[in-house]
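Here's the structure we're looking at; comments come further down.
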Amino acid sequence: MDPKSVEFTADNPLHILGFLFEEVTATRVSGRLTVTEKCCQPFKVLHGGVSALIAEGLASLGAGVASGYKRVAGVHLSIHHIRPAALGESVFAESFPVSVGKNIQVWEVRLWKTKEQEKTKMISTSRVTLLSGLPVPDHAKDSLDHLKKFVSKL
Ligand SMILES: CC(C)(COP(=O)(O)OP(=O)(O)OC[C@H]1O[C@@H](n2cnc3c(N)ncnc32)[C@H](O)[C@@H]1OP(=O)(O)O)[C@@H](O)C(=O)NCCC(=O)NCCSC(=O)c1cc(O)c2ccccc2c1O
């Protein structure tokens with residue numbers, strides 16, 4: 001895995017799990033994941049923490065774009081696991097902003113089971129609250145350029 005690739009820098013943990021982004025805009029972020037062993041808890045069901053990871057990742061990328069490519073930080077995440085997603089199943093994730101303020105953004109993230117790429121039953125629903133417009137540390141100066149490059153590649 002190339003640590004300089006835009007997929008890696010956009011969201012390394014999601015990249016490692018095989019998550020593929022489809023859309024990243026200020027009003028919508030989406031992507032897909034196949035539930036592999038790497039994503040499961042001992043009962044061969046999508047780990048609840050992976051669902052939360054997807055929620056955090058999608059909301060953060062969307063909020064980053066919506067803030068004009070400023071640094072954002074998640075400050076709260078709540079999740080309801082409505083039904084399990086079993087090993088081998090295909091998952092579609094979609095996210096949209098509930099509120100975009102100058103400082104605070106709230107994003108909704110929904111995970112769905114899919115059949116032939118179409119959404120069927122909801123797996124989980126999350127709300128993520130983020131603070132935007134934070135200073136970017138020197139060691140991460142490139143990260144917002146990487147995000148722009150990633151978004152333009154989709
Ligand atoms: C929690 C629920 C089972 C509650 O269901 P409820 O009774 O409210 O609703 P329904 O009866 O209408 O069912 C809805 C839906 O749930 C599924 N379901 C129900 N019962 C079962 C069951 N006995 N076994 C399997 N699945 C069941 C069923 O698919 C129904 O869907 P339909 O399509 O038929 O409508 C339910 O809300 C639920 O299953 N929620 C998802 C729970 C989940 O997946 N949580 C996240 C992962 S759990 C987790 O992260 C985790 C668990 C561990 O035990 C760990 C142990 C060790 C390490 C890590 C662990 C870990 O990470």
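Only this structure's heavy atoms are used, side chains among them; waters, hydrogens and symmetry mates stay out. Start at 1 with the first residue, then count along the sequence.
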inquiry  = Looking at V75, is its backbone amide N or carbonyl O close enough to the side chain of T129 to form a donor-acceptor pair, meaning the two atoms are under 3.5 Å apart?
reply    = no

request  = With the side chain counted from C-beta on, respond yes when C40 and L46 share a heavy-atom pair under 4.5 Å apart, and no when they do not.
outcome  = no

task = Say whether, by atom type as modelled, one donor and one acceptor occur between the side chain of H80 and the main chain of I82 under 3.5 angstrom.
result = no

query = Would a distance-only check, ignoring hydrogens and angles, find a side-chain to backbone donor-acceptor pair under 3.5 Å from T120 to K113?
reply = yes

ask   = Would you say the side chain of L33 lies within less than 4.5 Å of the side chain of I54, judging by non-hydrogen atoms?
value = yes

Got a list of side-chain donor-acceptor pairs under 3.5 Å for residues 22-29, not counting sequence neighbours?
residue : atom : partner : partner atom : Å
E22     : OE2  : R32     : NE           : 2.5
E23     : OE1  : R28     : NE           : 3.1
T25     : OG1  : T27     : N            : 3.2
T25     : OG1  : T27     : OG1          : 3.4
T25     : OG1  : R28     : N            : 2.9
T25     : OG1  : R28     : O            : 3.0
R28     : NH1  : E94     : OE1          : 3.2

message = Nearest 0.5 angstrom please: S124 OG to W112 CH2, how far?
response = 10.5 Å

request  = Check step by step if side-chain contact (heavy atoms from CB on, under 4.5 Å) holds for E56 and V128.
outcome  = CA-CA 7 Å; E56 181 77 33; V128 187; 4.3 Å; yes

inquiry  = Grouping I, L, V, M, F, W and Y whenever their side-chain heavy atoms are under 4.5 Å apart, do I79 and V106 come out in a common cluster?
reply    = no

query = Between L58 and A93, which heavy-atom pair has the shortest distance, and what is it?
reply = CD2-CB, 3.7 Å

task = Could you tell me whether the side chain of L154 reaches within less than 4.5 Å of the side chain of F21, counting heavy atoms only?
result = yes

ask   = Can you name the nearest heavy-atom pair linking V50 to C39, along with the distance?
value = CG2-O, 3.8 Å

inquiry  = I'd like to check L14 versus N12 (side-chain heavy atoms, cut-off strictly below 4.5 Å). Are they in contact?
reply    = no

inquiry  = Working to the nearest 0.5 angstrom, can you tell me the gap between S51 OG and R110 CZ?
reply    = 15.0 Å

ask   = Taking the side chain from E89 and the backbone from A86, do they hold a donor-acceptor pair closer than 3.5 Å?
value = yes

inquiry  = Using every non-hydrogen atom in the two residues, find where W107 and A66 come nearest and quote the distance to one decimal.
reply    = CZ2-CB, 4.3 Å

remark   = Closest heavy-atom pair, A10 versus F150, reported as atoms and distance to 0.1 Å, is CB-CD2, 3.5 Å

note = Between the CG atom in L77 and the CZ atom in R127, the distance rounded to the nearest 0.5 Å is 11.5 Å

remark   = Nearest heavy-atom approach of V109 to A59 is CG2-CB, 4.3 Å

task = With rounding to the nearest 0.5 Å, note down the distance linking NZ in K115 to OG in S90.
result = 11.5 Å

query = Restricting to pairs with a member in residues 33-43, which pass side chain to side chain donor-acceptor pair (under 3.5 Å), not counting sequence neighbours?
reply = E37-K44

query = Does the pair L131 and I104 meet the rule for a side-chain contact (heavy atoms from CB on, under 4.5 Å), with working shown?
reply = CA-CA 5 Å; L131 182 61; I104 298 283; 4.1 Å; yes

message = With a 4.5 Å cut-off on side-chain heavy atoms, are L147 and D145 touching?
response = no

query = Can you check whether I123's main-chain N or O pairs, donor with acceptor, with R83's side chain at less than 3.5 Å?
reply = no

request  = Answer whether the closest heavy-atom distance between the side chains of V65 and V151 falls below 4.5 Å.
outcome  = yes

task = Please name the residue in the list S60, S132, S99 that meets the side-chain contact (heavy atoms from CB on, under 4.5 Å) test with Q105.
result = S132

task = Report whether V45 and L17 are members of the same hydrophobic cluster (ILVMFWY, side-chain heavy atoms less than 4.5 Å apart, transitive linking).
result = no

query = Does NZ or CZ of K119 fall inside the cone over F92's six-membered ring, less than 6.0 Å from its centre and within 45° of the axis?
reply = no

key: Pairwise side-chain contact, S95 with E108, heavy-atom cut-off 4.5 Å (strictly under)   = no

note = Closest non-hydrogen contact found for G57 with D11 is CA-OD2, 3.4 Å

ask   = Do other residues, nucleotides or ligands put more than 12 heavy atoms under 6.0 Å from K102 NZ?
value = no

message = Measuring only between side-chain heavy atoms, which start at C-beta, is V136 closer than 4.5 Å to L144?
response = yes

